[in-house]
Structure formats: structure tokens, C-alpha cells
Amino acid sequence: MRNAEVVAMLEETADLIEIAGENPFKARAYRRAAEAIAALQEPIEELVRTKRLHTVEGIGESIARDITEFLQRGTTTRLEQLRAKYPPQLRTLLEIQGVGPRTVAMLYDRLKITTVDELEAAAKAGKLAKLPGMGEQKIRNILESIQVWRRQQERVPIHIALSLAERIVAALQELPEVIAILPAGSLRRWKETVGDLDILVAARNTQPVMDKFTKLPEVQKVLAHGTTKSSVLMANNLQVDLRAVEPESFGAAAQYFTGSKAHNIALRNLALKHGLTVNEYGVFREATGEKVAGETEEGVYEALGLVWIPPELREDRGELEAALKGALPRLVTLDDIRGETHSHTRWSDGAATVEEMARAAMERGYEYIAITDHSPPMGWGVKPDDFRKLIREIRQVSDRLGFPVLAGIEVDIASDGSLHMDEDILRQLDLVIASVHSAMKMDMDAMTRRILKAMENPLVHIIGHPTGRLINQRPPYEVRVDALIEKARETGVALEINGSPERLDLNDEHARIARDAGVLLSIGTDAHRTEHLAFMRFGVAVARRAWCEPKDIVNTRPYTELREWLSARRR
DNA sequence: GCCGTTTTCGGCCCGACTGTTTTCAGTCG
Ligand SMILES: Nc1nc2c(ncn2[C@H]2C[C@H](O)[C@@H](COP(=O)(O)OP(=O)(O)OP(=O)(O)O)O2)c(=O)[nH]1
Ligand SMILES: [Mg+2]
Ligand SMILES: [Mg+2]
Ligand SMILES: [Zn+2]
């Protein structure tokens with residue numbers, strides 16, 4: 001599958017078109033095509049082979065020709081011509097805040113600057129001052145932006161972003177002018193990582209809010225400071241954008257600031273078809289300018305003939321079409337979750353006892369919890385003899401508490417696809433999660449075969465964290481997720497949405513494909529301490545972004561139904 | 001470059017902030 005390469009080619013083409021100063025709509029066309037292919041689940045080669053490239057929205061004759069040529073010779077004539085004019089390493093300069101395609105082109109045309117270091121040197125040597133439109137302030141800003149660029153950090157995982165946002169919201173809440181606050185952007189959409197924090201406030205008098213926001217104690221640098229919008233860089237190098245509107249526009253502003261950008265553009269295009277125009281202040285009739293909505297988000301969507309769309313779905317992946325037809329899914333909620341399917345205790349690498357985990361589950365209002373400690377060969381795995389004792393303890397605790405505690409295991413899948421635990425023990429267990437923890441550097445076919453073999457084992461109920469990725473730390477191991485999904489459909493084995501915020505595995509996109517295939521999913525927190533049971537909200541968020549309804553999630557089922565599913569696998 | 005319940009040509013989301021501009025281009029959300 002060469003989709004990622006094609007996406008990179010199209011993005012480079014788009015960037016270089018902009019730098020070259022060609023029609024910006026052409027650049028947008030290339031960018032839209034890149035997005036469409038990034039969202040594609042099928043290998044692009046297959047689309048080319050079966051002559052279906054044109055069926056992809058945003059791919060016409062020229063881009064189809066580019067893609068075909070790229071797959072044959074690894075580059076395109078279009079790209080070669082652009083590269084001859086502007087070297088591709090110029091694209092790095094675009095990462096510097098405030099430096100866009102026009103500036104990059106001028107820096108190259110006039111000074112042959114191609115790297116950040118050269119730009120810095122030229123600025124310090126006073127060479128930029130000769131350029132048109134380059135005043136002292138602009139040069140100072142570029143130098144400062146280069147420093148920020150050098151410290152630039154990766155995208156922030158959602159659980160960290162949530163707590164940072166809470167602190168800022170609390171500070172803004174103190175301001176007397178603030179009537180309402182809403183953390184928006186990718187955070188409100190529950191994306192797994194966020195690039196910045198986007199916070200919306202309602203206020204009658206917005207200027208003092210902006211003034212006080214830019215003077216918050218943790219602010220390292222003020223990037224912009226206007227009457228309705230400001231941006232700051234916090235001490236931890238996280239950017240925070242604040243937008244303020246009057247209460248009459250709060251709904252429209254919430255819609256705008258929640259995004260995504262692609263959703264906004266699609267929504268605004270839909271409005272135009274109805275003679276309406278949408279901005280962050282409201283929905284207006286194009287002809288008269290009359291305002292028809294804006295105070296609430298529901299009102300904005302309603303004015304366009306849509307039902308309100310949950311933020312998690314706002315990615316322009318079919319949600320507008322579904323909302324038009326009134327066919328949005330009834331997304332699963334935290335309240336729908338009836339129990340925990342993946343947890344650890346001191347018997348392996350957890351911090352709590354079986355009883356503590358069970359009591360914590362009861363406190364959450366669950367109907368059941370499965371204790372699923374590790375198997376060998378991990379050093380902390382429970383050895384077969386100890387596992388018999390662990391099972392006894394689980395039964396005793398369950399009896400004592402009068403609360404269903406399932407005896408489970410997270411068994412390691414060996415390189416050959418066999419399970420690292422005695423079969424007689426697996427038979428005694430109520431719930432078996434099988435997952436990969438070792439020998440992750442296998443080639444794609446071998447890894448896929450390994451997991452498929454485990455799925456064919458009738459003792460296995462769930463495949464845990466199916467791709468093994470750790471957010472910002474480790475890429476997924478190479479595996480054909482579509483093959484796992486197909487096998488899950490065939491066998492009835494559930495795939496896990498691991499809700500541990502460093503994993504979130506399956507991710508939203510894979511979980512959506514699984515759901516569309518009718519595959520059952522299990523949301524487990526992989527709790528290693530009692531507090532980790534609260535990670536369930538992150539797992540639910542992934543499921544919601546995957547369009548999952550309660551019926552798609554096995555642990556929305558009541559205890560008896562869960563037991564029926566578990567034993568049905570064994571027959 | 002793409003696309004079509006108004007179009008095969010003429011649009012393409014829409015607005016805030018900044019710096020250097022004397023009326024707005026560039027960049028970003
Ligand atoms: N209409 C419109 N809205 C935009 C545009 N760019 C950004 N927005 C809106 C939608 C975004 O969700 C919101 C915040 O912008 P961000 O750049 O912070 O993006 P977002 O938070 O979605 O993703 P992030 O995790 O920050 O990369 O502003 C745009 O070009 N047009
Ligand atoms: Mg954002
Ligand atoms: Mg932002
Ligand atoms: Zn685990």
C-alpha cells in the first residue's frame with residue numbers, strides 16, 4: 001500500500017505550487033486530493049489498477065495522471081518542474097510561524113535562502129532589511145519565531161491537554177466579563193492528540209478579556225493580541241488560542257471554533273447552496289444579510305436543515321450527509337458502559353489487589369469487572385501455578401462482594417501465533433484477551449499471520465491493543481488491520497479499543513472500519529491501578545469518533561448477556 | 001485543478017491580526 005507516499009507527493013506539489021505563486025486554488029485541489037487519499041482505506045494501487053481513481057472526490061484528470069505516473073516512476077513531471085524552480089527543502093521554512101509561501105519565495109528568489117539556519121543568519125546580518133515589505137518588526141518576529149520553532153514540541157496527548165485546558169478555563173472563569181466558556185477545537189472533538197488549545201468565551205466587553213488572557217502568569221510569549229482573538233505561547237510551549245464573541249453569537253462561534261476545518265468548509269458550502277452564509281457570528285441570508293441563527297449550535301445546524309452533530313463526528317467524513325438524512329448514529333456514551341474488560345493487579349504489573357480493583361469497579365457503578373493479568377514470557381507475567389491461585393482469589397472476592405469479577409487473562413501471543421499459557425488454565429478462565437507484547441519487529445505478513453492464528457483459537461475472546469502503538473513513543477507494529485477486521489467478522493472475536501491514553505488502540509479510524517464491517521469492539525482501560533478505570537472516557541471517545549453505537553461495544557451488554565457471548569465463543 | 005437540483009465556465013469558506021501599506025497583502029484560525 002503506497003497511499004502514504006502518494007499523499008506526501010500531493011502535499012509537496014501543493015506546497016510548491018503555493019511557493020511558485022500559481023493559482024492558489026490549484027494548491028487547494030492538490031491538498032484536498034491528499035486528504036481524500038489519506039482517508040482512503042483501500043490501496044491506491046488497487047484504484048489505479050481498476051481505473052477507479054476518478055471515483056474519489058477531488059481527483060480529476062490531472063491529479064489522476066500524476067498519481068499513475070508517480071506509482072510507475074516514483075515521481076511526477078509536475079513535481080520535477082516545480083522542484084526545478086524551488087527546492088523542496090524550502091517547505092521546512094513554512095513551519096515557521098508568520099512565514100508563508102510568499103515570504104519563502106521572496107527569500108529564495110532574492111537571497112537564495114533555503115534553510116532555517118540560513119534565514120537566521122541572513123536576518124542577523126541585516127540582509128532581510130533590503131527586501132520589500134520587510135521592516136524591523138517583521139525581522140524581529142521571524143527571529144523569535146525561529147526560536148519557538150526550535151523548541152517546538154510534538155502534539156499533546158488528549159488526557160494531558162484536558163487537564164491543561166481545565167487550568168486555563170478556571171483562570172478565565174475568574175474574569176467578571178466572562179459569561180460562558182467552551183474549550184473547542186480538536187480537544188472538544190476528542191482527537192487523540194491536540195496541536196494547541198482553542199478556547200471560546202462569551203462576553204459583552206471582549207477587550208478586557210483579551211488583555212487579561214495575554215497577561216496570565218504562565219504566558220511565555222504573546223503571539224497575537226486583538227479585540228476578539230488572541231494567541232499565546234505558554235511556558236510549556238503549548239499554544240493557546242482564545243476567541244471571544246457576544247452571547248448572541250456563541251453558538252455560531254462554538255461551531256466555527258470546534259471545527260474541524262474540513263467540516264466547517266463543507267458546512268459553509270452546504271449553506272451557500274441554500275442561499276445562506278455562515279461565519280462565527282451566525283447564519284445569514286445571502287440576499288438580505290438577515291440573521292437566522294447564531295445563539296446556539298443547535299440553531300446553526302437547524303438553519304441548514306441538519307440535526308446537531310456531535311463534535312466527535314465533525315471531520316467531514318460523511319457526518320453532514322448523515323445529518324441531512326437524519327441518519328446520524330446514536331453514539332455510545334460513558335453511561336452505556338456496564339463493565340471493565342481489561343485490568344491488572346499486583347499479581348502481575350498492577351498496583352492494586354483484586355479486591356481493590358473490584359471495589360473500584362463497583363464504585364463506578366459497573367455491573368462487572370474482568371481481571372486480566374499478564375502471562376509470561378513477560379517477567380511480570382503470572383506463571384501457570386500462580387494463575388490457579390489467582391483464579392481462586394478472584395472467585396473468593398467475587399463471592400465475598402456479591403459482585404461479578406471475571407477471571408481473565410491478557411495472554412501473550414507468541415511469534416508463531418500460539419498462546420503463552422497452559423490450555424487447561426485458559427479453559428478455566430471466563431475471558432481471554434490475547435495481545436502482542438514481544439517480538440514486535442516482524443514483517444507485515446508474519447505479524448498478521450501471527451495474530452490471525454490467535455484469533456482462530458476458540459479460547460480467545462478479544463485481541464488487545466491490536467496495533468501496539470504508543471502515542472508519540474512507538475509506531476504501530478506492521479500488521480494488516482483490514483485482515484484482522486475481516487477475521488474478527490468471520491470468527492466473532494472482538495477487537496479492543498484500548499482506552500489507556502497512551503495507547504488508544506484501535507484508533508478512531510481503524511475502529512470505524514471495524515464498526516462498518518459489523519465487528520464487535522470491546523473498550524478496556526488496561527487499568528494498572530484503581531484510578532485508571534477512569535480512562536474509560538478516552539476509550540469511549542475513540543468509539544464515538546468511530547461512529548459506534550452501544551450495540552457495537554460488547555461491554556455495554558448486561559452481565560448475563562456478556563456471559564452468553566463469552567461462552568458462545570467456546571462452543 | 002475540480003466540479004455542476006441554478007453552471008462545462010466561473011466560482012472555490014470566511015474573518016481576525018499584523019506590519020508597513022497610505023489602502024492592503026500575508027498569514028493564520
Ligand atoms: N472556517 C474555517 N475555520 C477554521 C479554519 N482553520 C481553523 N478553523 C477553525 C476550525 C478549527 O477546529 C478551529 C481551531 O483551529 P486549529 O488550527 O487549532 O485546529 P484544530 O484544533 O482543529 O486542530 P489542532 O489539534 O489544533 O491541530 O478553528 C479555516 O481555514 N476556516
Ligand atoms: Mg487546535
Ligand atoms: Mg488553534
Ligand atoms: Zn493490559
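We name chains A, B, ... by the order of the sequence lines, and we start the count at 1 in each one. The figures here come from the full heavy-atom set of this structure, side chains too, leaving out hydrogens, waters and symmetry mates.
- Taking atom P in both B:dC28 and B:dT23, the straight-line distance is 25 Å, to the nearest Å.
- With distances taken from any side-chain atom of A:Arg268 to the nucleotides B:dG1, B:dG15, B:dC13, the minimum falls on B:dC13.
- If you measure from atom CZ of A:Arg140 to atom P of B:dT18, you get 15 Å, rounded to the nearest angstrom.
- There is no side-chain donor-acceptor pair under 3.5 Å between A:Gln97 and A:Glu144.
- Of the residues in residues 97-122 of chain A, A:Gln97, A:Gly98, A:Val99, A:Gly100, A:Pro101, A:Arg102, A:Thr103 come within less than 4.0 Å of DNA chain B through at least one heavy atom, sorted by number.
- Nucleotide B:dC12 holds its C1' atom 13 Å from the NZ atom of A:Lys261, rounded to whole Å.
- At least one side-chain heavy atom of A:Pro247 sits under 4.5 Å from a side-chain heavy atom of A:Arg204.
- Taking the P atom of each, B:dC13 and B:dC17 are spaced 22 Å apart, rounded to whole Å.
- Here the C1' atom of nucleotide B:dC12 and the CZ atom of A:Arg32 are 9 Å apart, to the nearest Å.
- Remark: the A:Arg78 side chain and the A:Thr76 side chain contain no N/O donor-acceptor pair separated by less than 3.5 Å.
- Separating the CD atom of A:Glu95 from the P atom of B:dC28 is a distance of 11 Å, rounded to the nearest angstrom.
- Using a 4.0 Å heavy-atom criterion, one finds that A:Ile265 contacts the bases of the nucleic acid, with or without backbone contacts as well.
- Contact of the A:Glu218 side chain with the A:Val240 side chain is not registered, since no non-hydrogen atoms from C-beta on lie closer than 4.5 Å.
- Annotation: B:dT5 and B:dG1 have their P atoms spaced 23 Å apart (nearest Å).
- If you take atom C1' in B:dT22 and the same atom in B:dC14, they sit 26 Å apart, rounded to whole Å.
- Counting non-hydrogen atoms under 4.0 angstrom, A:Leu267 reaches nothing in the nucleic acid.
- A:Glu57 has its CD atom 11 Å from the C1' atom of B:dG4, to the nearest Å.
- Remark: the A:Tyr281 side chain and the B:dG15 base include no donor-acceptor N/O pair separated by less than 3.5 Å.
- Separating the NZ atom of A:Lys273 from the P atom of B:dC12 is a distance of 13 Å, rounded to the nearest angstrom.
- Contacts with DNA chain B (heavy atom under 4.0 Å) in residues 234-252 of chain A: A:Gln239, A:Asp241, A:Arg243, listed by number.
- A:Glu502 and A:Asn472 are not linked by any side-chain donor-acceptor pair at a separation below 3.5 angstrom, with hydrogens and angles left out of the test.
- Contacts between residues 220-233 of chain A and DNA chain B, defined by a heavy-atom separation under 4.0 Å, are made by A:Ala224, A:His225, A:Gly226, A:Thr227, A:Thr228, A:Lys229.
- By the side chain to side chain donor-acceptor pair (under 3.5 Å) test, A:Arg31 pairs with A:Asp15, A:Glu18, sequence neighbours left out.
- Relative to the six-membered ring of A:Tyr108, A:Lys112 meets both conditions, a distance below 6.0 Å and an angle of at most 45° to the axis.
- Between the CD atom of A:Gln255 and the C1' atom of B:dC13 there is a distance of 11 Å, rounded to whole Å.
- Across A:Lys191, A:Arg314, A:Arg512, a single residue satisfies side-chain contact (heavy atoms from CB on, under 4.5 Å) together with A:Arg545, and that is A:Lys191.
- Shown here, B:dT8 forms no base pair; nothing in the strands shown gives a Watson-Crick or G-U wobble contact with both key distances under 3.5 Å.
- At whole-Å resolution of the value, NZ in A:Lys138 and P in B:dA25 are 12 Å apart.
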Contacts under 3.5 Å, N or O only, protein and nucleotides 9-11 of chain B:
none

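- Taking atom P in both B:dT27 and B:dT20, one finds a spacing of 14 Å when rounded to whole Å.
- Within the nucleic acid shown, A:Ile17 has no heavy atom closer than 4.0 Å to any nucleic acid atom.
- Among the heavy atoms of the strands lying under 4.0 Å from A:Glu136 are primed sugar atoms or P, OP1, OP2 only; no base atom is included.
- Taking atom C1' on both nucleotides, B:dA16 is separated from B:dG11 by 24 Å, rounded to a whole Å.
- Pairs passing the salt bridge (Lys or Arg N to Asp or Glu O under 4.0 Å) check and including a residue from residues 316-327 of chain A, sequence neighbours excluded, read A:Arg317-A:Glu509.
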